Structure formats: structure tokens, C-alpha cells
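Comments concern the structure below.
What you see is a predicted model, and the numbers here were worked out from it, not measured in a lab.
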Amino acid sequence: TDAGLIAIIRNCPNIEKLNVCELHKLTDASLVFVAQTLGSKLVKLKVKDINLITLDSAFALGEHCPNLSKAVFESCVKLGGDGLVHMAESCPLTYLDLSFCYKVSKEHLDIVINNLKAKSSLKRFMSLGLGFSPITVELLSSVPSLTHLCLCGVVELNDAMVDVITRNVGLNLIELDVSGCLELTDVACISMVKHCRHLEKLGMMNLREVRGTELSRLFLDKR
């Protein structure tokens, strides 16, 4: 509960890494307290499958945690975009996971990515199940620091978008996952092979229009 987490933080005010997963009774009250109490000491935060937190938690993190570099908000379905925008403006995030945060609109997502692009810090970005616009693709393709990119279940993602992303940031990508992006065909595979020369992990599950024969050159690479 909120009372339990608040008690832990009150008695352990030097925590740098905090995981709070599947604690379904937690609300903004406890995460705001976490942000206010840990402040600049908090570097990594993982929040998963907590349905009651909203933009207030993200806003508090942006307000009080200037050293936060990793933020995971997987399946936080009420987390609003305005708070994330403030957090992206204020925190030097290198790792951001917004998977299944369905309340984050395309417009807010674009602003978040644009803010992080300006910092040149973002290395890992995960957005399973979120909606993308052409602007989102353009912004992601202009983040040269990206090394890990997970776009599973992005229904709008097509071959042309993959080409834009891989052509611009593919050389630095170590991991790429486009599983469940049903618009993709072998044309996307050609772009990956051509531009992603340093891939060590590639996720392509549940792609009905992909045969994969174009990927043979990647499989011959020892990485």
C-alpha cells in the first residue's frame, strides 16, 4: 500500500534504484513521496502494472529527480502524457519504457521524444502497443544515441517507416524488436540488413507477411 512504501522510503532515504511492480494499491501519493524524498539520489525507477498512478507521479519525478536516467512505466494505463513531457524536459533519461501506457497520446509521445532528442541521451526506448505517427518516426530517426529500440505491436509501423528509422539510426542499433507489426513485409528486412550492421538481437515474431529470406546475411554474422 501507499503507507508501506512511504514507510520504506522514509527509513531508507538513500535509495538509488527502486522497483515497484504489480503493487496494485499504490497511488500517486506514494510515488510523489518517493520523488520528493529521494530527489537527486534516485537514478533508476521501474514501475510496472500499477493502474492508479497518473501524470502527477511523472510530474513529481521531473520536478524532484534531476538525475533519473532510467524510467520504466510498463502497463501503467492511467499515466498521462503531460507529466511525461515534464519529466523528459527535466531528467537525463537514457532508458524509457512506456509499453502499454495507453493514455499517452501520439502528440504527447512526439513531444517526449523531441525533448529527449535535444539532450542526445536516449539509448533505450520501448513503446509496445502505443500509437505512432509519421512525426514519431521522424523524431526517433533523429536520435543518434539510440542503441536499443522496441516497437512491438505498433500497428502503424510499415516498411517505409522502418526504412527511415534504420537508414538514420540503424548503424548504432544493437537490439531491434518489431514483433507484431503486421504491416511489415520482406521489404523491411532489406532495410534492416542494409543499415543495421551491428545488430546482436532482432525480434520479428508474428509477422505474417515476412518470409525472412532476406535476413540470411544477418544470420551469417557471428554477433
How close do [X] and [Y] get, heavy atom to heavy atom, and via which atoms?
X    : Y    : result
M204 : D177 : N-OD1, 4.3 Å
L157 : L151 : CD2-CD1, 4.0 Å
K70  : L68  : O-CD1, 3.5 Å
C91  : C65  : SG-O, 3.3 Å

Could you state whether [X] and [Y] fall into the same hydrophobic cluster, counting links through intermediate Ile, Leu, Val, Met, Phe, Trp or Tyr residues with side-chain heavy atoms under 4.5 angstrom apart?
X    : Y    : answer
F73  : L55  : no
L52  : F33  : no
L173 : M126 : no
L199 : I165 : yes
I53  : Y102 : no

Taking the side chain from [X] and the backbone from [Y], do they hold a donor-acceptor pair closer than 3.5 Å?
X    : Y    : answer
S141 : E138 : yes
H108 : L84  : no
N168 : V164 : yes
T54  : K78  : no
S99  : L128 : yes
N158 : M161 : yes
N67  : S40  : yes

Say whether S75 and D49, considering side chains only, have a donor N or O and an acceptor N or O under 3.5 Å apart.
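Short answer, no.
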Hydrogens and angles aside, do S133 and D110 bring a side-chain donor and acceptor to less than 3.5 Å of each other?
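Their side chains do contain a donor-acceptor pair, which is all the 3.5 Å distance test asks for.
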In Å, rounded to the nearest 0.5 Å, how long is the span from [atom1] of [X] to [atom2] of [Y]?
X   : Y    : atom1 : atom2 : value
H64 : L42  : NE2   : CG    : 12.0 Å
T94 : H148 : OG1   : NE2   : 11.0 Å
K48 : C76  : NZ    : SG    : 10.5 Å

Using a 6.0 Å cut-off, check whether atom CG of L182 has over 12 heavy atoms from anything other than its own residue.
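Yes, because the 6.0 Å sphere around CG of L182 holds more than 12 heavy atoms from other groups.
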Whether over 12 other heavy atoms sit under 6.0 Å from K41 NZ:
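Yes, NZ of K41 has more than 12 neighbouring heavy atoms, counting only those of other groups under 6.0 Å.
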Ion pair present between E156 and K106, side-chain N to carboxylate O less than 4.0 angstrom?
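K106 and E156: salt-bridged.
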Working for side chain to side chain contact (heavy atoms under 4.5 Å, CB included), residues I50 and H24
CA-CA 5 Å; I50 300 179; H24 303 298; 5.7 Å; no
Using the side chain to side chain contact (heavy atoms under 4.5 Å, CB included) rule, take H86 and E63 through it: C-alpha gap first, then chi angles, then the decisive distance, then the call.
CA-CA 8 Å; H86 181 62; E63 195 72 12; 2.9 Å; yes
List the steps and the verdict of side chain to side chain contact (heavy atoms under 4.5 Å, CB included) for T1 and L26.
CA-CA 5 Å; T1 65; L26 291 188; 5.6 Å; no
